[in-house]
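Everything numeric here is computed off the predicted structure, so don't read it as measured data.
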Amino acid sequence: MPFWDKLRQQLPTLQSQLLSKKNDLKSGAFRDASMAMCALVAAADGSVDPAERQRTASLITSNEVLKNFPADDLQRRFNDNVSKLTADFDFGKVSILQDIGKAKKNPDEARAVIQIGIIIGGADGNFDATEKGVVREACFALGLNPSEFEL
């Protein structure tokens, strides 16, 4: 089965896994890492067009797990991260990966951050190689094996 078809079938499972841990995913480290991950995936190709920014913002505000945090705070953090990446992608990515790495201490949070990245990457119907690549880099920042997520 092609990767994308398999991923599409797994998205509801990823969502339900996240939802089952909603009460455990309330730390500032998880919040920061999640917004950094969303920005990294959105800007994986080096830019974020307005439609992509809107789609990602919509996914953030509709995600049940992320409703643990005020929407305006999440939006500000996402926008700040996107600004870092669009100003200088390579330098911004270093900072973003450090923020993602904040969730490394809690394995459930670390896995949830990766799951959010996969959900964001697959939201447009095409989890492309560039998006997979940045999620793979995030796995390394979190001390996780990318093969656990078939990356």
Side-chain angles (χ1 to χ4, degrees), residues 1-48 52-53 55-69 71 73-75 77-82 84-85 89-151:
M1 175 181 296
F3 176 79
W4 175 243
D5 290 339
K6 189 173 183 180
L7 179 64
R8 194 174 328 186
Q9 289 177 348
Q10 291 174 340
L11 285 177
T13 302
L14 289 176
Q15 288 281 23
S16 66
Q17 287 172 349
L18 281 174
L19 195 54
S20 72
K21 298 197 180 292
K22 179 179 179 175
N23 292 330
D24 300 327
L25 301 172
K26 294 183 177 182
S27 77
F30 172 72
R31 177 202 59 217
D32 294 350
S34 296
M35 290 306 93
M37 174 60 88
C38 289
L40 185 61
V41 172
D45 62 1
S47 67
V48 182
E52 192 170 26
R53 184 184 290 259
R55 183 174 54 249
T56 304
S58 176
L59 287 166
I60 290 168
T61 58
S62 66
N63 185 292
E64 283 298 317
V65 173
L66 295 175
K67 287 183 180 179
N68 283 334
F69 309 101
D73 184 37
L74 295 177
Q75 181 179 8
R77 290 173 190 281
F78 171 73
N79 288 333
D80 288 350
N81 286 319
V82 168
K84 287 180 193 176
L85 291 164
F89 184 79
D90 292 328
F91 188 70
K93 186 166 79 167
V94 170
S95 174
I96 297 297
L97 287 171
Q98 288 173 341
D99 284 345
I100 290 170
K102 291 178 181 180
K104 185 177 188 174
K105 294 176 186 173
N106 182 318
D108 286 339
E109 289 182 354
R111 284 179 178 79
V113 169
I114 297 301
Q115 290 171 324
I116 286 172
I118 292 168
I119 290 165
I120 295 294
D124 64 356
N126 181 29
F127 190 43
D128 66 39
T130 310
E131 293 166 333
K132 287 179 203 169
V134 296
V135 175
R136 191 176 307 110
E137 288 182 70
C139 285
F140 294 127
L142 290 165
L144 298 173
N145 187 336
S147 66
E148 178 180 339
F149 304 94
E150 298 185 34
L151 297 170

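Rounding to the nearest 0.5 Å gives a distance of 12.5 Å between CZ of Arg53 and SG of Cys38. Separating the CD1 atom in Ile119 from the OG1 atom in Thr56 is a distance of 12.5 Å, to the nearest 0.5 Å. Distance CD1/Ile116 to CG/Leu66: 4.5 Å, rounded to 0.5 Å. Between Cys139 atom SG and Ile118 atom CD1 the span is 7.0 Å, to the nearest 0.5 Å. Here the straight-line distance linking atom NZ of Lys93 with atom CG of Leu40 works out to 7.0 Å at 0.5 Å rounding.
Counting only distance, with no hydrogens or angles, the side chain of Arg136 and the backbone of Pro146 share no donor-acceptor pair below 3.5 Å. In this structure, the side chain of Thr61 engages the main chain of Ser58 through a donor-acceptor pair within 3.5 Å.
A pairwise comparison of heavy atoms in Leu85 and Gly92 identifies CD2-C, 3.7 Å as the closest pair. Here the closest heavy-atom approach between residue Ala141 and residue Leu97 is recorded as CB-O, 3.8 Å. The two residues Val113 and Met37 come nearest to each other via the heavy atoms O-CG, 3.6 Å.
Listed by chain and number, the residues in a side chain to side chain contact (heavy atoms under 4.5 Å, CB included) with Glu109 are Leu25, Ser27, Ala29, Phe30, Ala103, Asn106 (sequence neighbours excluded). For Arg31, the side chain to side chain donor-acceptor pair (under 3.5 Å) test picks out no residue, with sequence neighbours left out. In terms of the side chain to side chain contact (heavy atoms under 4.5 Å, CB included) criterion, residue partners of Pro107 (sequence neighbours excluded) are, by chain and number, Arg111. Looking at residues two or more places apart in sequence or on another chain, you find a side chain to side chain donor-acceptor pair (under 3.5 Å) between Asn145 and Ser147. Partners of Arg55 according to the side chain to side chain donor-acceptor pair (under 3.5 Å) rule, which considers only residues two or more places apart in sequence or in another chain, do not exist here. For Asp99, the side chain to side chain contact (heavy atoms under 4.5 Å, CB included) test picks out Ala36, Asn81, Lys84, Lys102, with sequence neighbours left out.
Within the 4.5 Å cutoff, the side chain of Met35 has heavy atoms near those of the Ile60 side chain. Side-chain atoms of Val135 and Phe149, non-hydrogen and from C-beta on, never get closer than 4.5 Å to each other. Inter-residue side-chain proximity for Leu59 and Asn63 is flagged as unmet; no heavy-atom pair is nearer than 4.5 Å. The shortest side-chain heavy-atom distance between Leu151 and Phe127 falls under the 4.5 Å cut-off.
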